[in-house]
Amino acid sequence: MEIQRPRGTRDFLFKEMKERKNVESTIRQIFEIYGYNEIKTPIFEELSLFTTKSGEGIKDQIYHFQDKGGRDLALRPELTAPVARMYIKEFQKTPKPVKMYYFGSCFRYERPQKGRWRQFWQFGCELIGGKSPGSEAEIITMAAHCLEDLGLQNFEIHIGNLGILRNILNDTNISEDLQDQIMGIIDKGDVKELKTFLKDIDMDNDSKELLQKLIEMKGDSSIIKNVESIINCNKHACNALFELEELIKSLTAFGFSNYVVNLGIARGLDYYTGTVFEIYVPGLGAQKQICGGGTYNLIELFGGENVESTGFAFGFDRVMDALNKQKKSIEIEKSVKVFVAPIKSDMKLKAFEIAQKLRKKGIPTDVDVVGKKLKKILSYADSMGINYVVLVGARDIEKGKVTVKNMINGEQEIIDLENIADSIKSKLMN
RNA sequence: GCCGGGGUGGGGUAGGUGGUUAUCCUACGGGACUGUGGAUCCCGCGACUCGGGUUCGAAUCUCGGCCCCGGCCCCA
């Protein structure tokens, strides 16, 4: 019986793996340019780390188990909680802000569909202990920088601030439960549903109207002025709006302007405190969101000091989907460029010798180790995209020479064995 | 968790009113050729997703599982 791959998981073959590595290293480079350092946390954690953050209900959506010592453990479904946990133990007494990034796989027990897997990768960062419009602006700019360098087209960065909605809702004296429900509807962006929902709720009409207007507030920075005039009755909401204004000034200074102000972003989670942002790529269906982030207070929830953290995470697999959809192919380099082939089997050992000489000089080289015939070797080299084949034959070797065949145009050249590495290196340069 | 469409050699297809499945390309193995041979030609290899049911007989009909694709719910 054939053993299958677990549901919702993937094998990555050579080509795909190279593309993923390319994208990974691009993002990594940008993060480091902005002063972030990489960290890595375990694949599994105590189950309570995640239930504390997201509630007992989360158990339905994660892989959890007991180990042989009876500990309740879980495969991590995300990375912000592990990072917060690590911060409390390792970084509380480190000069602030602490800037870190991570890349790793996470696991969720959900029904797989397009852009959603049971094992998936997140590439994210945190700036801990330095909440300010400036750090938020820097982080958003960095996210955009990554996507630009990857050559992604048409991505939309939506920026909002939860403080505005939260404060308006707080002033209406409705229950927290109701507030959460309303936030959920607003996050969906469903104007009609919001209208119907508000109808049956005991709330003053001014606030109802305000909420309905805000959900549709979307556009460039000029809409802030409009919002200001709408909410002038609410002091706390105005403070949040001021934060947003400051953020936009900083973004301008960082030279980033390609954003959408969107006050309908709600990211229903309690621990988000102010600025939130999401990045969408049109054409990816229901999974169009490739990145989410904002400022939140998670550290205190886990028993640390009251320190706020700003961060975001790319859904790495969705970034790959978006790139693949837009580009015909992501540039990848063939790793092996030279193949050493004995013309007859009597030259087999000589071929090993020559191949190793090239490898020691840093030239990516393959050699026939299985005893294939020349015809097969050439065909194999051709299919592998090899640039040059070194033909090792007794006649040439007697004179201290080998034949180098250019696989693209078929031209051949007899060169000295003595300085073969240099000759091939200079050929590869051209 | 819910709804719909699927699963045929390693990859790509046809067949579907039950009766030895088949085909082309490709991949793989072997051969002709053996110091210019990446070509060509020949030979070979290899599959009906799994399990139960109906039947003399199931790739085909039926039920269930697994997996894939799309959508809903959800998305920390």
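In what follows, chains carry the letters A, B, and so on, assigned in the order in which the sequence lines appear, proteins first and then strands, with residues in each chain numbered from 1.
- For G1(B), the paired base is C72(B) (Watson-Crick or G-U wobble, both distances below 3.5 Å).
- E110(A) comes within 4.0 angstrom of a nucleotide base, judged by non-hydrogen atoms across all strands.
- Rounded to a whole angstrom, the distance from the C1' atom of C48(B) to that of G15(B) is 11 Å.
- Residue pairs satisfying the side-chain hydrogen bond (donor to acceptor under 3.5 Å, both in side chains) criterion with at least one member in residues 150-159 of chain A, sequence neighbours excluded, are listed as follows: E156(A)-H158(A), H158(A)-N262(A).
- Straight-line distance from the CD1 atom of I265(A) to the P atom of C75(B): 16 Å, rounded to whole Å.
- By the salt bridge (Lys or Arg N to Asp or Glu O under 4.0 Å) test, R111(A) pairs with no residue at all, sequence neighbours left out.
- Rounded to whole Å, the P atom of G6(B) lies 34 Å from the corresponding atom of C45(B).
- Looking at heavy-atom distances under 4.0 Å, D396(A) makes contact with a base.
- When rounded to the nearest whole Å, the span between CG of L374(A) and P of U34(B) equals 13 Å.
- Applying the ring pair (Phe, Tyr, Trp, His ring centres under 6.0 Å) rule to pairs touching residues 360-391 of chain A yields F339(A)-Y380(A), sequence neighbours excluded.
- One P atom belongs to U62(B), the other to G70(B), and the distance between them is 26 Å to the nearest Å.
- Relative to the side chain of L391(A), the nucleotides G37(B), U34(B), C67(B) differ in distance, and G37(B) lies closest.
- Judged by distance alone, the side chains of T295(A) and E136(A) do bring a donor and an acceptor atom under 3.5 Å apart.
- Whole-Å rounding puts the Q412(A) CD to G35(B) P distance at 14 Å.
- With a 3.5 Å ceiling on both atom-pair distances, U60(B) lacks any Watson-Crick or G-U wobble partner.
- Across every strand in view, U17(B) sits unpaired, with no contact that passes the Watson-Crick or G-U test at under 3.5 angstrom.
- Atom P of G10(B) sits at a distance of 7 Å from the matching atom of A47(B), rounded to the whole Å.
- Rounded to an integer number of Å, the gap from NZ of K401(A) to P of U36(B) is 20 Å.
- Between G35(B) and K344(A), a contact under 4.0 Å exists linking OP1 or OP2 to a side-chain N or O.
- Counting heavy atoms from C-beta on, the side chains of L73(A) and L47(A) never come closer than 4.5 Å.
- With I159(A) as reference, L247(A) is the one residue of V260(A), V261(A), L247(A) to meet the side chain to side chain contact (heavy atoms under 4.5 Å, CB included) rule.
- Using a 4.0 Å cut-off between a side-chain N of Lys or Arg and a carboxylate O of Asp or Glu, E398(A) and R395(A) do not qualify as a salt bridge.
- F316(A) pairs with exactly one of F120(A), W121(A), Y102(A), F103(A) by the ring pair (Phe, Tyr, Trp, His ring centres under 6.0 Å) rule, that one being F103(A).
- The P atoms of C25(B) and A39(B) are separated by 15 Å, rounded to the nearest whole Å.
- Distances shown here put a side-chain N or O of R7(A) below 4.0 Å from the OP1 or OP2 atom of C68(B).
- In this entry the distance linking CD of Q61(A) with C1' of C73(B) reads 11 Å, nearest Å.
- When the C1' atom is used for both C67(B) and G53(B), the distance is 23 Å, rounded to whole Å.
- Between F123(A) and F31(A), the gap from one ring centroid to the other is short of 6.0 Å.
- A distance of about 8 Å separates the C1' atoms of G18(B) and G57(B), rounded to the whole Å.
- Rounded to an integer number of Å, the gap from NZ of K288(A) to P of C72(B) is 12 Å.
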Polar atoms only, N or O, under 3.5 Å: list the protein pairs with nucleotides 26-33 of chain B and their distances.
residue : atom : partner : partner atom : Å
G31(B)  : OP2  : K373(A) : NZ           : 3.4

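- The backbone N or O of F12(A) lies less than 3.5 Å from no partner atom in the side chain of R20(A), so there is not a single donor-acceptor pair.
- A donor-acceptor contact closer than 3.5 angstrom links the side chains of K53(A) and T80(A).
- Side-chain nitrogen and oxygen atoms of K53(A) include none within less than 4.0 Å of the OP1 or OP2 phosphate oxygen of A76(B).
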Taking only N/O atoms, report every protein-nucleotides 1-5 of chain B pair under 3.5 Å with atom names and distance.
residue : atom : partner : partner atom : Å
C2(B)   : N4   : R111(A) : NE           : 2.8

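- Comparing U21(B) with C75(B), their C1' atoms sit 47 Å apart, to the nearest whole Å.
- Between P112(A) and I408(A), the residue anchored nearer the 5' end of RNA chain B, judged by the nucleotide with its closest heavy atom, is I408(A).
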| task | Show your reasoning for whether ring-ring contact (aromatic ring centres under 6.0 Å, His included) applies to Y63(A) and F65(A). | result | CA-CA 7 Å; Y63(A) 284 90; F65(A) 56 97; 9.3 Å; no
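- In this structure, L378(A) atom CG and G37(B) atom P are separated by 10 Å, rounded to whole Å.
- Within 4.0 Å of I377(A), counting heavy atoms only, lies no atom of the nucleic acid at all.
- Note: CD1 (I414(A)) to C1' (U36(B)) measures 11 Å, nearest angstrom.
- Shown for residues 72-83 of chain A: residues whose heavy atoms fall under 4.0 angstrom of RNA chain B, namely P77(A).
- Side-chain contact between M100(A) and E126(A) is present, with at least one heavy-atom pair separated by less than 4.5 Å.
- With contacts defined as side-chain heavy-atom distances shorter than 4.5 Å, the pair V338(A)/N387(A) does not qualify.
- Heavy atoms of G8(A) sit under 4.0 angstrom from primed sugar atoms or phosphate atoms, though from no base atom.
- In this structure U34(B) sits in no base pair that meets the Watson-Crick or G-U test at under 3.5 Å.
- Residue contacts for G55(A): at a heavy-atom cut-off of 4.0 Å it reaches no nucleic acid atom on any strand shown.
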